[in-house]
Amino acid sequence: MDGRRPLPEDLVVDILLRLPVESLLRFKCVCKHWYALIKSPSFIEKHFHHKNNCARLLVCNLKVAREVDAIVRSVVFSLLPEEIVPGVTPEQKTLLQLPRVADFTCVAGPVDGLFLVQKKFYGDDVCLGLWNPATREFRPLPPAPFEIEYFFSDHDHQFGLGFDLLTQDYKVVWIRVFWDEPGQGVYPRVYACVYSSCNNSWKHLTPEFPSSSTLSAPLDATYLNGVYYWLSRGLDEIYTIRSFDMGSEQFREMQVPDIPSEHWGTLTLRGNSLALLTGDPGKPMTSIYDVWVLKQEGIWSKVLTVQPHIDAHWPRNIWDNDKMVFEITETSQLVLYDPTTRQVTDLGFQLDLNIAGCWVFNYKESLAPIKRGNETQGEDNAVEQIEHFFYTIAMDEDLKDLEYKIL
């Protein structure tokens, strides 16, 4: 030892809070004290909300290629830089690439940097998993115990991912709507289950909203302060908001601004507020969008009106408060539109919009753990596990034997 004094503890913490997750994962090996500090819930929360941890655009691009005897899907998760220079296509960082996957359906999130990934399985069952791209942790969820009559058929489903502030528990709520096919008067029935990451188990819920309502998937995970939100539209074409409290595990309803019935609407986040994006998308040069922000329950304020002078398009998300991400229908491009300067920036993605999909998220790195207690997972094993989750499934002629093969 050279006799020099160690740095003050508060200065060490301040330096570590400014570092990216990748560096912090390596620095856990420096000493036991740093290991305990970086894994502590208080440090994880401070790091996530630190000003250096800026929201960036994360794009999940699902493509489909036709081969001789099959249709092959590939999925790429790409992260864009913190600053996107207007008019300059940004560099992409590939977080995960799955060149051959079976039945990849969608991604929900992020909440505290965590995503819920969904894979549809043979027999209309659905497999779910939690994933942290920054730490590369992955956790497959056990099957949900829906008790469904054999003659029911899937009509719709939605997910919500959130955090129970009281129990410090990440939860997933799954809502499923089924049609009663053999009945003379066919009508839908609604079921729900909630998953606890602490217990690694599901339990049944009783949704208290009409089965005739249609829940719309938000552009981003609309989770705020322990509550998840969906936009709902009834048979009367009137919009409302359905919410789920992760602590009380209760569903609630909330009113929205007066939206014309012919207008499209979706939920997202704008900063730390719930936002509602409405408009008449798809019209070249003439589409108009309004952005509403929830000030307090039942009170909305219109904060932005945008008329993008671009070709036929579809909105994908809001970024950096007021910039908007659109997909261009004719060219299958993903672009960033700045309403202040009217600058359009090509983000460098070629989308496969006919039979595939694309998701655009506001993403911040997180140290939030998925594994609990004595569960451990090395980085290499984590990559293998998420690849294993997206097996290619081959069935024989009798549909009895399943062959699992990692590609």
Side-chain angles (χ1 to χ4, degrees), residues 45-58 82 84 108-116 158-165 170-171 173 215-233 239-248 250-259 263-279 281 288-308 315-326 336-340 359-366 368:
E45 182 179 2
K46 289 178 182 177
H47 179 268
F48 182 75
H49 294 290
H50 196 276
K51 62 181 181 181
N52 281 23
N53 189 20
C54 301
R56 302 161 69 178
L57 287 176
L58 188 151
E82 293 179 12
I84 296 177
V111 171
D112 294 346
L114 306 183
F115 286 93
L116 179 72
Q158 290 295 337
F159 299 101
L161 171 62
F163 188 64
D164 186 332
L165 299 173
Y170 287 100
K171 293 182 177 180
V173 59
L215 297 181
S216 301
L219 295 178
D220 249 336
T222 45
Y223 163 84
L224 277 175
N225 303 321
V227 181
Y228 198 95
Y229 301 88
W230 301 268
L231 190 63
S232 174
R233 195 172 190 177
Y239 284 103
T240 57
I241 288 179
R242 308 287 177 181
S243 64
F244 179 76
D245 189 303
M246 295 290 167
S248 65
Q250 297 293 316
F251 291 94
R252 297 183 62 190
E253 179 178 322
M254 182 170 61
Q255 299 304 309
V256 301
D258 186 18
I259 306 173
H263 275 202
W264 166 87
T266 189
L267 290 177
T268 186
L269 296 180
R270 184 179 183 269
N272 294 319
S273 300
L274 183 67
L276 176 63
L277 176 64
T278 67
I288 299 177
Y289 301 94
D290 293 324
V291 179
W292 299 78
V293 169
L294 183 66
K295 295 298 184 181
Q296 60 186 58
E297 185 166 344
I299 300 178
W300 295 82
S301 175
K302 186 190 294 187
V303 296
L304 183 68
T305 296
V306 179
Q307 184 177 358
R316 282 299 182 179
N317 216 328
I318 300 174
W319 179 64
D320 196 18
N321 283 341
D322 296 333
K323 297 182 179 70
M324 297 182 67
V325 181
F326 295 102
L336 182 66
Y337 179 79
D338 188 333
T340 304
W359 296 265
V360 181
F361 304 101
N362 285 276
Y363 170 73
K364 292 173 64 175
E365 285 190 335
S366 171

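Both backbone and side-chain heavy atoms feed into the values below; hydrogens, waters and symmetry mates do not.
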Which heavy-atom pair separates Y223 from L269 by the least distance, and what is that distance? O-CD1, 4.0 Å
To the nearest 0.5 Å, tell me how far R242 CZ sits from E253 CD. 4.0 Å
Does the plane of the ring in W264 sit parallel, tilted or perpendicular to the ring in Y289? Use 30° and 60° as the thresholds. perpendicular
For the student: nearest non-hydrogen atoms of G162 and M246, plus distance: N-CE, 3.5 Å
Nearest heavy atoms of S243 and Y229, plus distance in Å: CB-CD2, 3.6 Å
From CG (N272) to CG (L224), nearest 0.5 Å: 7.0 Å
Side chain proximity check, Y239 to T278, heavy atoms < 4.5 angstrom: no
Looking at every heavy atom in both S366 and G113, which two are closest together, and how far apart are they? CB-CA, 3.8 Å
For a 4.5 angstrom cut-off between non-hydrogen side-chain atoms, does I241 reach L231? yes
For F326 and P308 the tightest heavy-atom approach is CZ-CG, 3.8 Å
Tell me whether the count of non-hydrogen atoms from other residues, nucleotides or ligands lying under 6.0 Å of CD in E45 goes above 12. no
Once you round to the nearest 0.5 Å, how far does CD1 of I318 lie from CG of L277? 5.0 Å
Straight-line distance of T268 OG1 to R316 CZ, nearest 0.5 Å: 12.5 Å
With a 4.5 Å cut-off on side-chain heavy atoms, are L304 and R270 touching? no
Ignoring hydrogens and geometry, is there a side-chain-to-backbone donor-acceptor pair from D320 to K323 under 3.5 Å? no
Taking the side chain as every heavy atom from C-beta outward, state whether I84 and L57 have any pair of such atoms under 4.5 Å apart. yes
Reported CG-to-CZ distance for the pair N317 and F361, which is rounded to 0.5 angstrom: 8.5 Å
Plane angle bin for Y170 and F163 - parallel if under 30°, tilted between 30 and 60°, otherwise perpendicular: tilted
Stepwise side chain to side chain contact (heavy atoms under 4.5 Å, CB included) test for H263 and D290: CA-CA 11 Å; H263 275 202; D290 293 324; 5.8 Å; no
I'd like to know if the side chain of W230 reaches the main chain of F159, judged simply by a donor and an acceptor atom lying under 3.5 Å from each other, with no hydrogens or angles considered. yes
Worked verdict on T340 versus D322 for side chain to side chain donor-acceptor pair (under 3.5 Å): CA-CA 9 Å; T340 304; D322 296 333; over 6 Å; no
Would the number of heavy atoms belonging to other residues, nucleotides or ligands and lying under 6.0 Å from CG of N52 be above 12? yes
Classify the ring geometry of F251 against F244: parallel below 30°, tilted from 30° to 60°, perpendicular beyond 60°. tilted
Measuring from W292:CH2 to L267:CG, what's the distance to the nearest 0.5 Å? 14.0 Å
Of all the heavy-atom pairs spanning E365 and N53, show the shortest one and how long it is. O-ND2, 2.8 Å
Side chains of Q255 and T240, heavy atoms from C-beta outward: is any pair under 4.5 Å? yes
